[in-house]
2 protein chains.
Amino acid sequence: MAQSDTVDRILDAAEELFAERGFSETSLRMITSKAKVNLAAVNYHFGSKNALIHAVFARFLTPFSATLENAFNDLETRCDGQPPTLNQTLWALTESAVRMPQRNENGISIFMRLLGLAYTQSQGHLRKFLEQEYSQPFSRFMRLLKESTPQLSAVDRYWRIQFMLGATAFTMSSSDALRDILQNKLGVETTVQEIAARLVPFLAAGMQAEDPMLIMPSAGKTSVA
Amino acid sequence: MAQSDTVDRILDAAEELFAERGFSETSLRMITSKAKVNLAAVNYHFGSKNALIHAVFARFLTPFSATLENAFNDLETRCDGQPPTLNQTLWALTESAVRMPQRNENGISIFMRLLGLAYTQSQGHLRKFLEQEYSQPFSRFMRLLKESTPQLSAVDRYWRIQFMLGATAFTMSSSDALRDILQNKLGVETTVQEIAARLVPFLAAGMQAEDPMLIMPSAGKTSVA
DNA sequence: CGACCTATCAAACGTATGTTTGAAACAGAC
DNA sequence: GTCTGTTTCAAACATACGTTTGATAGGTCG
């Protein structure tokens with residue numbers, strides 16, 4: 001066949017291993033042996049390990065950013081000029097992620113973990129690649145968030161967005177492990193959708209908290225709203 | 001001198017480099033050349049690279065966990081049998097961290113980033129080490145959190161704690177980079193204390209959000225609070 | 001002084017990494 | 001069948017890593 005499935009087998013294996021162990025801790029030999037392809041195949045098809053990392057992200061991110069654009073379009077036409085509510089904005093993103101066609105049942109959580117790693121591990125080339133390729137939907141989401149939280153100052157909004165990102169990336173990145181723990185400790189089953197349904201209200205409440213500087217640290221009793 | 005300053009020079013250099021680049025991405029040769037000591041000194045004084053990582057954490061974490069125990073003692077005597085409020089619990093932790101004596105002006109942010117990396121990078125040995133050595137203050141903090149949020153079901157509390165952890169670890173793990181971005185974009189200087197002062201209210205509000213299951217995803221308009 | 005323990009150093013060791021090579025296998029077109 | 005371009009493969013390459021070695025100094029105590 002002209003384009004064998006070698007490329008996809010490599011991408012599948014790489015995606016899983018990167019998510020499990022991080023980028024530096026995953027060697028090409030691990031990937032190629034898991035994918036059952038020759039070691040040289042990675043450099044032949046992708047050129048380098050870094051390029052493979054980019055390809056793993058691109059395979060998910062390109063269709064996802066298209067889905068996201070549609071969701072944002074829908075949201076804006078539905079709002080008809082009015083700024084969307086914070087919940088609407090967050091759900092537009094969440095539903096796009098949850099509804100993406102997945103290669104397997106863990107597709108979302110694997111990719112969430114990869115996104116978290118991309119942010120956390122200081123891989124300069126990756127950040128540059130993501131900024132270059134996918135800045136548009138990101139900027140648009142930021143703009144919607146801004147419209148959804150007009151009461152916040154730019155600085156407050158900036159930090160709270162980081163907090164949201166953190167809670168999301170972190171939770172999703174380890175949601176498999178967390179689900180297992182919950183299953184064992186409390187005997188409760190949990191789907192990714194349910195986690196999202198718990199996460200979004202948490203984020204919305206955090207974003208809309210009282211002005212942070214009103215509540216200061218001290219030995220006295222401070223209470224929230 | 002009996003105990004030269006080689007040990008501390010190594011610890012200082014390692015701490016900084018680990019925080020900047022992560023554990024796997026930092027080689028012993030980088031550390032020893034930054035510390036201006038011989039390569040073999042690390043294995044001589046610490047035994048292995050992993051042991052050096054543990055030592056870096058222990059140097060900060062041991063005095064910190066003592067400070068934390070005191071803060072929790074203070075809090076419990078101040079509450080006099082009553083369960084503490086969520087804000088009190090969160091601030092007990094935050095103030096202990098902020099008030100720790102620091103080796104240099106970036107001491108806290110460096111160490112926050114290290115803690116974030118410890119959680120994020122899947123270094124099995126590190127997690128085992130931390131669980132073994134510092135499980136007590138961690139468990140105590142969890143117990144206080146439970147008392148501070150009696151209104152939450154066990155499952156809700158479980159997930160929301162994960163969300164808090166995520167927002168904190170993630171923000172702290174990249175706080176230097178984030179501060180730089182903010183500095184460039186908005187021309188605002190930010191201290192770790194200010195980040196904490198913004199984070200705590202965010203977390204408290206999220207923890208005390210409405211029952212998550214009341215707000216469901218749909219195409220319709222949903223609003224919070 | 002000489003014995004002894006500790007600390008430092010340059011050099012080497014074995015291993016694992018990402019990448020490259022050159023030949024072999026395979027495909028489709030003529 | 002033969003040619004042509006693509007894909008696979010085993011092997012090697014150069015480099016970087018964590019760790020070990022054995023020699024050399026420096027200090028302390030009898």
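Naming: A, B, ... by sequence-line order, numbering from 1 per chain.
- With no hydrogens or angles considered, no side-chain donor-acceptor pair links A:Thr171 and B:Gln162 at under 3.5 Å.
- Comparing B:Tyr44 and A:Tyr44 against DNA chain D, the residue whose closest nucleotide sits nearer the 5' end is A:Tyr44.
- For the pair B:Glu131 and B:Arg127, the salt-bridge criterion is not met [side-chain N within less than 4.0 Å of a carboxylate O].
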**Complete:** The dot-bracket string of DNA chain D, counting Watson-Crick and G-U wobble pairs with both distances under 3.5 Å, using [ ] for crossing pairs and | for pairs to another strand, is |||||||||||||||||||||||||||..|
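- Electrostatic pairing of A:Glu194 and A:Arg198 does not count as a salt bridge here, judged by no charged N lying under 4.0 Å from a carboxylate O.
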What nitrogen or oxygen pairs link the protein and nucleotides 11-17 of chain C at under 3.5 Å?
{"unit_1": "C:dT17", "atom_1": "OP1", "unit_2": "A:Ser27", "atom_2": "OG", "d": "3.3"}

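- Counted by atom type alone, B:Thr62 and B:Tyr134 present one or more donor-acceptor pairs between their side chains at under 3.5 Å.
- A donor-acceptor contact shorter than 3.5 Å links the side chain of A:Thr77 to the backbone of A:Asp74.
- Spacing between atom NZ of B:Lys36 and atom P of C:dA10 amounts to 15 Å, rounded to whole angstrom units.
- Ring orientation note: the planes of B:Phe141 and B:Phe72 are close to parallel, at an angle under 30° on the 30°/60° scale.
- OP1 or OP2 of C:dT8 has at least one side-chain nitrogen or oxygen of B:Thr6 nearer than 4.0 Å.
- The shortest distance between the side-chain N/O atoms of B:His45 and the OP1/OP2 oxygens of C:dT8 is below 4.0 Å.
- Taking the six-membered ring wherever Trp is involved, the centroid distance between the rings of B:Phe57 and B:Phe111 falls below 6.0 Å.
- Atom CG in A:Asn43 sits about 15 Å away from atom C1' in D:dA10, given to the nearest Å.
- The main-chain N or O of B:Arg9 is never found under 3.5 Å from a side-chain atom of B:Lys36 such that the two would form a donor-acceptor pair.
- Taking atom CD1 of residue B:Ile31 and atom P of nucleotide D:dA16, one finds them 17 Å apart after rounding to whole Å.
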